[in-house]
Amino acid sequence: MGVIVHETTGVFHLCNDQISYMIRKMPNGQLGQLYYGSRIRDREDFPHLLERAHRDMAPCVFPGDTTFSLEHLKQEYPAFGTGDMRYPAYEICRENGSRISSFCYRGYRVRPGKPELCGLPAVYVESEDEAETLEIALEDPVIGGKLTLLYTIFEEFPVIVRSARFENGQDLPWELTRAMSISLDLPDCRYEMLDLAGASLRERYVDLHRLHPGVQSIHSMRGHSSHQFNPFLALKRENADEHTGEVIGLSLVYSGNFLAQAEVDTMGTLRVMAGIHPEGFCWPLKKGEEFQTPEAVLVYSDQGLNGMSQVYHKLYRTRLARGHWRDRERPILVNNWEATYMKFTEESIYAIAKKAGELGIELFVLDDGWFGKREDDTSSLGDWTPNRKKLPGGIAGIARSVTKLGMQFGLWFEPEMVSPKSELYEAHPDWVLGSSDREICRGRHQYVLDFSKDEVVNYIGERMEDILRESPVSYVKWDMNRSISDLFSVGRDREHQGTVYHRQILGVYRLYDRLTKAFPQVLFESCASGGGRFDPGMLFYAPQGWLSDDTDGAERVKIQYGTSYVYPVSSMGNHVSAVPNHQTFRSVPLAARAICAYFGAFGYELDLNLLTEEEQGQVREQVRFVKEHRRFLHTGIFYRLRSPFEEKEAAWMVVSEDRKKALVAVFRFRQPVNRGYDRLRLAGLCPEWEYEISDRDYCCFGDELMQVGLILSDRASGVLNSETVQGDDTARLIWVRTVG
């Protein structure tokens, strides 16, 4: 298991009990792709898998050999300018303008464990025997370029992690204008592509379509991973579903501009790649300088989409998220944003916190409006000092008042932005992204700080550290509320401008790294105007993220369902908010809002003092429920059962690792009329075990619940609670536990 190298044939076989990934040195010195999929038996060579054939009009590498054309061979990391007319994995521009390059095999190294990527988020190991890493060295002697392809295979996960590192070894500089993290050539295109698309307030909706000739892609050129697309795609066989069939997942551990695409050529073969978006990217390398790409996480499943997702869930929960809060139960919080927005006083804040403490809530979070002269969103971003008119005692004062109630205190920041009306902008107009000889676009009445400059990152870090040191803050909500529209770093030369997009997100990572190391017990939650930067890169620094600014209990079912294709329940920040909802104006019952929010990092976002006595009683029970079951909900195995994108109902479930208990959630968006019979097939149970069901007076064996299904027909015979809650936007929970 691990990395098997056949030096005489040039075959590299990465394998474990579940998968095989094979590459081979080709006759021209470049690397070819042989196979990726379920585990196959190893042997010395697989020459027949490097398929060659004569093709008319195809440019050929060797004179007289019309069968060896890179245009039709499956390659591992294809180049521009060597006969392949498909999109390349990388492109280099020399001083003379040539973009032709060819990196050929020079050697390899196998290392136990997995090395860190300097300055970049990445999955990790806790012991060297968890994984092995293969580093393949290639060289282009014409340009003096060195290329290292990195592959990590885990012992227990059907996962291959890939990235690339470039180095200039000659005196003449050159520019890297394209550098994908992964390229994978597959022998056929009989797949459907699933991606997560949307917009602000409807992030990560499921998009599924059959591949067709040409290029189909998802991307962001906004300076962050975006609301519009998530840096993830899956390829599923047409007969694959949630529970069966072959699926390949590709997830990019990066928070900036990205491109992920599937290219179907005229021969029906498929090239998939992902990495930093090449638009606006140009990275100069002088002698001895290196560039490391972000890493891509490749998952193979022969157990359908749920099988793929469960691998991502466990890997990202235990080997991407890290630190003090990785495995700890997250506190139940109340956030004042939709309760007060920026119109609050110390007294009104304290009143919400006091009521929260009485109801058993563990953490109060003070959102936007506590600093500078902030009364609305037109001023004061960047001026991270308390507004003494609102908070006479400052942050330290209100924080201590809250902690005396037996609660923790949390605080909102938006560190990457500055308001034109602010002391910071008046002092440092050159600290924003945008050309000084043009009007800079404003979004949300704010500019983007230039985090490609160390002095800017250091200044913001010092201001945040001042607040966190002087006050008992145990939680930080880190927001980011606009995209980069004016890409120019003032005071930097022309050569630098093509690096700004990437340097900007590296600056964000540096600040996260600095603060999480300085305050290791503070829980950080990432946010970007909702879910505009909900990606694996953020999960490396903040173990949970705010899913969306749409807090409607029905819409959140769709958002959470789509998010679950890649991200674990523990990473999803979910709040019960006020009704009518502030985004959709819909009034979802309190119980249904809570049932949806249970499956994540749970909290409230409303004025608890405005609830009736009956509603406050429901909140007490919801808080008790979460405290009792949150560890199970965050670490159990998650299954999608019924899609809200296909039906007027949705369902999912969490099963304990020992399969002795499961919690099923069923959501109804529209009440049916004269409904027929309905059964919901469960998953993940032990077929031979007998289970009792919380709303039934009978028991069932696991095989019946998974093959026949759980009867959901309204007023069905045998249902103890025959008066199941009816109506639109309702939800119910069903416990399934082993008998005895």
Contact check, side chains of [X] and [Y], non-hydrogen atoms, under 4.5 Å:
X    : Y    : value
L298 : Y21  : yes
D550 : R202 : no
H219 : M221 : yes
P121 : Y509 : yes
V311 : P158 : yes
V247 : L194 : no
V159 : V123 : no

Is a salt bridge present between [X] and [Y], judged by a nitrogen-to-oxygen distance below 4.0 Å?
X    : Y    : answer
R330 : E525 : no
R630 : E362 : yes
E156 : R319 : no
R514 : E465 : yes
R322 : E116 : no

**Request:** Identify which one of I136, V161, V3, V110 satisfies the side-chain contact (heavy atoms from CB on, under 4.5 Å) criterion when paired with Y151.
**Result:**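 When I136, V161, V3, V110 are each tested with Y151, the side-chain contact (heavy atoms from CB on, under 4.5 Å) holds only for I136.
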**Request:** Have a look at D185 and tell me which of E76, E263, Q75 forms a side-chain contact (heavy atoms from CB on, under 4.5 Å) with it.
**Result:**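 Of all the options given, the one that passes is Q75.
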Exercise: do [X] and [Y] side chains pair donor with acceptor under 3.5 Å:
X    : Y    : answer
E657 : T635 : no
T244 : D241 : yes
H277 : S220 : no

Crowding at [atom1], [X] (>12 non-hydrogen neighbours, <6.0 Å):
X    : atom1 : value
Y87  : OH    : no
K146 : NZ    : no
E289 : CD    : yes

Without swapping roles, check the side chain of [X] against the backbone of [Y] for a donor-acceptor pair under 3.5 Å.
X    : Y    : value
N257 : G223 : yes
Y598 : L633 : no
R204 : G531 : yes
N16  : F157 : yes
R659 : V655 : no
H227 : G530 : no
Y501 : H224 : no
T133 : G113 : yes
R165 : L150 : no
R162 : S183 : yes

**Request:** In sequence, state the C-alpha distance, the side-chain angles, and the governing distance for R271 and M273, and then conclude on side chain to side chain contact (heavy atoms under 4.5 Å, CB included).
**Result:** CA-CA 7 Å; R271 173 168 292 175; M273 58 177 59; 3.6 Å; yes
Report the distance from atom [atom1] of [X] to atom [atom2] of [Y], rounding to the nearest 0.5 Å.
X    : Y    : atom1 : atom2 : value
I559 : Y205 : CD1   : OH    : 5.5 Å
K661 : S656 : NZ    : OG    : 6.5 Å
S548 : E555 : OG    : CD    : 9.0 Å
M193 : H209 : CE    : NE2   : 4.5 Å
Q310 : S564 : CD    : OG    : 10.0 Å
T563 : R556 : OG1   : CZ    : 8.5 Å

**Message:** Going by salt bridge (charged side-chain N to carboxylate O under 4.0 Å, His left out), name the residues that satisfy it together with K236, two or more places apart in sequence or in a different chain.
**Reply:**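 Partners of K236 under the salt bridge (charged side-chain N to carboxylate O under 4.0 Å, His left out) test: E192.
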Aromatic plane relationship, [Y] with [X] - under 30° parallel, 30 to 60° tilted, over 60° perpendicular:
X    : Y    : answer
H629 : F625 : tilted
W478 : F524 : tilted
F599 : W652 : perpendicular
Y312 : Y316 : tilted
F534 : Y567 : perpendicular
F166 : Y77  : tilted

Taking all non-hydrogen atoms of both residues, which atom of [X] and which atom of [Y] are closest, and how far apart?
X    : Y    : value
F645 : G562 : CE1-N, 4.5 Å
R178 : L259 : NH2-CD2, 4.2 Å
V508 : R533 : CG1-NH2, 4.0 Å
L539 : Q544 : CD1-N, 4.4 Å
Q33  : I23  : NE2-CG2, 4.0 Å
D535 : S225 : OD2-OG, 2.6 Å

**Request:** Decide if the gap between the ring center of Y561 and the ring center of F667 is smaller than 6.0 angstrom.
**Result:**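 No.
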**Prompt:** Do the ring centers of F519 and H324 come within less than 6.0 Å of each other?
**Reply:**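 No - the distance between ring centres of F519 and H324 does not fall below the 6.0 Å cut-off.
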**Prompt:** Could you walk me through whether D549 and L201 pass the side chain to side chain contact (heavy atoms under 4.5 Å, CB included) check?
**Reply:** CA-CA 6 Å; D549 278 346; L201 305 180; 3.7 Å; yes
**Message:** The test is side chain to side chain contact (heavy atoms under 4.5 Å, CB included); show your working for R482 and V448 and say whether it passes.
**Reply:** CA-CA 8 Å; R482 65 155 292 185; V448 182; 3.7 Å; yes
**Message:** Run F602 and H634 through ring-ring contact (aromatic ring centres under 6.0 Å, His included) and show every step you take.
**Reply:** CA-CA 11 Å; F602 184 80; H634 286 187; over 10 Å; no
**Message:** Between V272 and L233, is the side chain to side chain contact (heavy atoms under 4.5 Å, CB included) condition met? List the steps.
**Reply:** CA-CA 10 Å; V272 188; L233 62 82; 4.1 Å; yes
**Request:** Decide yes or no on ring-ring contact (aromatic ring centres under 6.0 Å, His included) for F291 and Y90, but give the supporting numbers first.
**Result:** CA-CA 12 Å; F291 182 84; Y90 68 95; over 10 Å; no
